[in-house]
Amino acid sequence: MKVMVIVKATAESEAGIMPSPELMNAMGAFNEELVKAGIMLAGEGLKPSSKGARVHFDGASRTVIDGPFAETKELAAGFWLWQVRSLDEAIEWVKRCPNPMPGASDIEIRPLYEEADFAEWDPQCEWREKEAKLRQQIEAGQAG
């Protein structure tokens, strides 16, 4: 199963305070463990929400809202994409992670939908076939 592991933002990360060299080294070592174990598929830190934007949808209407965003506890500061056997395995890996922030912090783990989750919704596999073609294009580095 694939999971997204989301490092939740803090007041410090939203202020753009960079991690200490010690924390960067510890996270680098943890990432190396994940790669060696065949777990890590991707991972990145995110700039503060003041550097981003949101697009609000309401029917056909689109409204752009520039950051920063008020609810820090609802924001992400970084993420990993992992391939694991179970949610329990992901939890065990997260428990081994260095604290990603100088103070208290949270890491959220969310399973991704997989092809099998759509079997009842798309019994003829039409959507899955289109999705497979798109993934092949992405892997080949083609946008269209």
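Position 1 is the first residue of the sequence, and the numbers go up from there.
- Looking at N99, its side chain does come within 3.5 Å of a backbone N or O of G103 through a donor-acceptor pair.
- At a threshold of 4.5 Å between side-chain heavy atoms, the hydrophobic network of Ile, Leu, Val, Met, Phe, Trp and Tyr places M27 and I6 in two separate groups.
- A donor and an acceptor atom, one from each side chain of S49 and E14, are located under 3.5 Å apart.
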Item to check | Intermediate values then yes/no, side chain to side chain contact (heavy atoms under 4.5 Å, CB included), M1 and E114 | outcome: CA-CA 8 Å; M1 82 184 300; E114 296 184 5; 3.3 Å; yes
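- In this structure, R96 fails the cation-pi test against F30, since its NZ or CZ atom is not both closer than 6.0 Å to the six-membered ring centre and inside 45 degrees of the ring normal.
- The heavy-atom pair separating P100 from S105 by the smallest distance is CD-OG, 3.5 Å.
- For R85, the CZ atom is loosely surrounded, since the number of other residues' heavy atoms within 6.0 Å does not exceed 12.
- Side-chain atoms of L34 and W93, non-hydrogen and from C-beta on, do get closer than 4.5 Å to each other.
- Open room surrounds CE on M24; 12 or fewer heavy atoms of other groups in view lie less than 6.0 Å from it.
- No chain of hydrophobic side-chain contacts below 4.5 Å, direct or via other Ile, Leu, Val, Met, Phe, Trp or Tyr residues, connects L81 to I138.
- For the pair K8 and E108, the salt-bridge criterion is met [side-chain N within less than 4.0 Å of a carboxylate O].
- Residues E92 and K95 are paired through a salt bridge, judged by an N-O separation under 4.0 Å between the basic side chain and the carboxylate.
- Here the side chains of D58 and T63 are not in contact, with every heavy-atom distance at 4.5 Å or above.
- The shortest distance between side-chain heavy atoms of E44 and F79 falls below 4.5 Å.
- L41 and V35 fall into different hydrophobic clusters, where Ile, Leu, Val, Met, Phe, Trp and Tyr are joined by side-chain heavy atoms under 4.5 Å apart, directly or via other members.
- Among all heavy-atom pairs drawn from V64 and A53, the shortest one is CG1-CB, 4.3 Å.
- Nearest approach of L75 to F69, heavy atoms of both residues: CD1-O, 3.9 Å.
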Item to check | Q83 and I39: CA distance, side-chain angles, deciding distance, side chain to side chain contact (heavy atoms under 4.5 Å, CB included) verdict | outcome: CA-CA 5 Å; Q83 179 73 48; I39 302 291; over 6 Å; no
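- For the pair W80/V7, a side-chain contact is recorded, criterion being any heavy-atom separation below 4.5 Å from C-beta on.
- Linking Ile, Leu, Val, Met, Phe, Trp and Tyr whenever their side-chain heavy atoms come within less than 4.5 Å puts M40 and L87 in one cluster.
- Contact check for M101 versus E12: no side-chain heavy atoms found under the 4.5 Å cut-off.
- L23 and P19 get closest at one heavy-atom pair: CD2-CB, 3.8 Å.
- Of all the heavy atoms in A77 and S13, the pair that sits closest is CB-OG, 3.8 Å.
- Contact check for L112 versus M4: side-chain heavy atoms found under the 4.5 Å cut-off.
- The hydrophobic cluster containing V3 also contains I91, counting ILVMFWY residues as joined when their side-chain heavy atoms lie under 4.5 angstrom apart, directly or transitively.
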